[in-house]
Amino acid sequence: MTEKTIPLLPCRTQLIRPVVDFYTALGFGTTYLQTSPYAYAVVERGAIELQFYGMKEYDPAASHSGCYVLTEDVDGLHTAFRAGLKAAYGRIPTRGLPRIGPLKDMSYGVRQFLMTDPTGNTIRIGQPTSDDPSHRPAPKETFARALHMADLFADSKQDLPGAARIIDRVLNLEDEHPTPVQRLRLLVLRGDIAQRLGGTEPARELLEEAAAVELTDEERRSVDDDLVRLRELLG
């Protein structure tokens, strides 16, 4: 017997068509759609199937729903999804609803990105980077731990102010200093958070400070994802 799990995700009734349009832009096909007597939709892309049910009073801004999708080609999906969204929206949405986040190597052994649809469901797309499936403990070194925790707060908890506080605390330490790679990664993440929170000017200052960090060629290769994100945020 073969089993299959299909996520059932809430959707504000009035947003059922924009949600379907969003997933269409990502390359999903719509296999079912109804608006009456209640809103319901089914979208599929390869082996991924998502179903949505309408709720009249659902608040997308307060949503905590979503699911995790494992893939063997997270880079390819990220590229394809960004291209689809740019074609559909005329830009790549990175703030508000909907949005797509950057591709990251997480410290717990997964390379992933997050995207959030118009009704607030967050779909995490990830690819394991280790054969060890166990959850890795948080790093003990000050700045590595700060990066680990800030990523968790920003992505897993969706707590941007909490992530900002973690980074601000370690960047203001006087008795310890990050390596150039750690400093760049912290500043890029902090600038990203500031921009997502709406602080345009502070974000620009943080990102310009990140761009000024001097790195060797080897160090630049190790933070390629962060440099790509930095260029995007600076526009």
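Because only heavy atoms are used, hydrogens play no part in the values below, and waters and symmetry mates are left out as well, while side chains stay in.
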Salt bridge flag under 4.0 Å for residues Glu208 and Arg204:
yes
Measuring only between side-chain heavy atoms, which start at C-beta, is Asp75 closer than 4.5 Å to Arg111?
yes
Tell me whether Ile92 shares a hydrophobic cluster with Leu233, the cluster being built from Ile, Leu, Val, Met, Phe, Trp, Tyr side chains joined at under 4.5 Å.
no
Asp155/Lys104 ion pair, N-O < 4.0 Å:
yes
Determine whether Thr94 and Glu232 make a side-chain contact, defined as any pair of heavy atoms from C-beta on separated by less than 4.5 Å.
no
Among side-chain atoms of Gln112 and Tyr68, is any donor-acceptor pair under 3.5 angstrom?
yes
Could you tell me if Glu176 and Thr142 have a donor-acceptor pair between their side chains, going purely by distance under 3.5 Å?
yes
Kindly indicate, with the supporting measurements, whether the criterion salt bridge (Lys or Arg N to Asp or Glu O under 4.0 Å) is fulfilled by Arg183 and Glu214.
CA-CA 10 Å; Arg183 183 169 184 80; Glu214 295 186 4; over 6 Å; no
Student check: side-chain heavy atoms of Leu8 and Gln51 closer than 4.5 Å
yes
Closer than 4.0 angstrom, basic N to acidic O: yes or no for Glu218 and Arg221?
no
Checking Ser63 against Tyr58: is there a side-chain donor and acceptor pair closer than 3.5 Å?
yes
Minimum side-chain heavy-atom gap Cys11-Tyr53 below 4.5 Å
no
Is Leu215 reachable from Leu207 through a run of hydrophobic residues whose side-chain heavy atoms are each under 4.5 Å from the next?
yes
His64 side chain to Asn121 main-chain N or O, any donor-acceptor pair under 3.5 Å?
no
In the single-linkage hydrophobic clustering (I, L, V, M, F, W, Y; side-chain heavy atoms under 4.5 Å), do Val69 and Val110 co-cluster?
no
With the side chain counted from C-beta on, respond yes when Asp225 and Pro102 share a heavy-atom pair under 4.5 Å apart, and no when they do not.
no
Could you check whether any side-chain N or O of Arg99 sits under 3.5 Å from a backbone N or O of Gly96, counting only pairs where one atom can act as donor and the other as acceptor?
yes
May I ask you to decide if Val74's main-chain N or O and Gln127's side chain share a donor-acceptor pair within less than 3.5 Å?
yes
Whether Asp59 and Arg12 form a salt bridge (side-chain N of Lys/Arg under 4.0 Å from carboxylate O of Asp/Glu) is what I want to check.
no
Following the transitive rule for hydrophobic clusters with a side-chain heavy-atom cut-off under 4.5 Å over Ile, Leu, Val, Met, Phe, Trp and Tyr, establish whether Leu197 and Ile100 coincide in one cluster.
no
Where does the angle between the aromatic ring planes of Phe81 and Phe28 fall among parallel (under 30°), tilted (30 to 60°) and perpendicular (over 60°)?
tilted
Between Glu219 (side chain) and Thr216 (backbone), is there a donor-acceptor pair under 3.5 Å?
yes
Is it true that Tyr32 and Gln34 share a donor-acceptor pair across their side chains at a distance under 3.5 Å?
yes
Centroid separation Phe52 to Tyr23 less than 6.0 Å:
yes
With a 4.5 Å limit on heavy-atom distance, are the side chains of Thr30 and Val42 in contact?
no
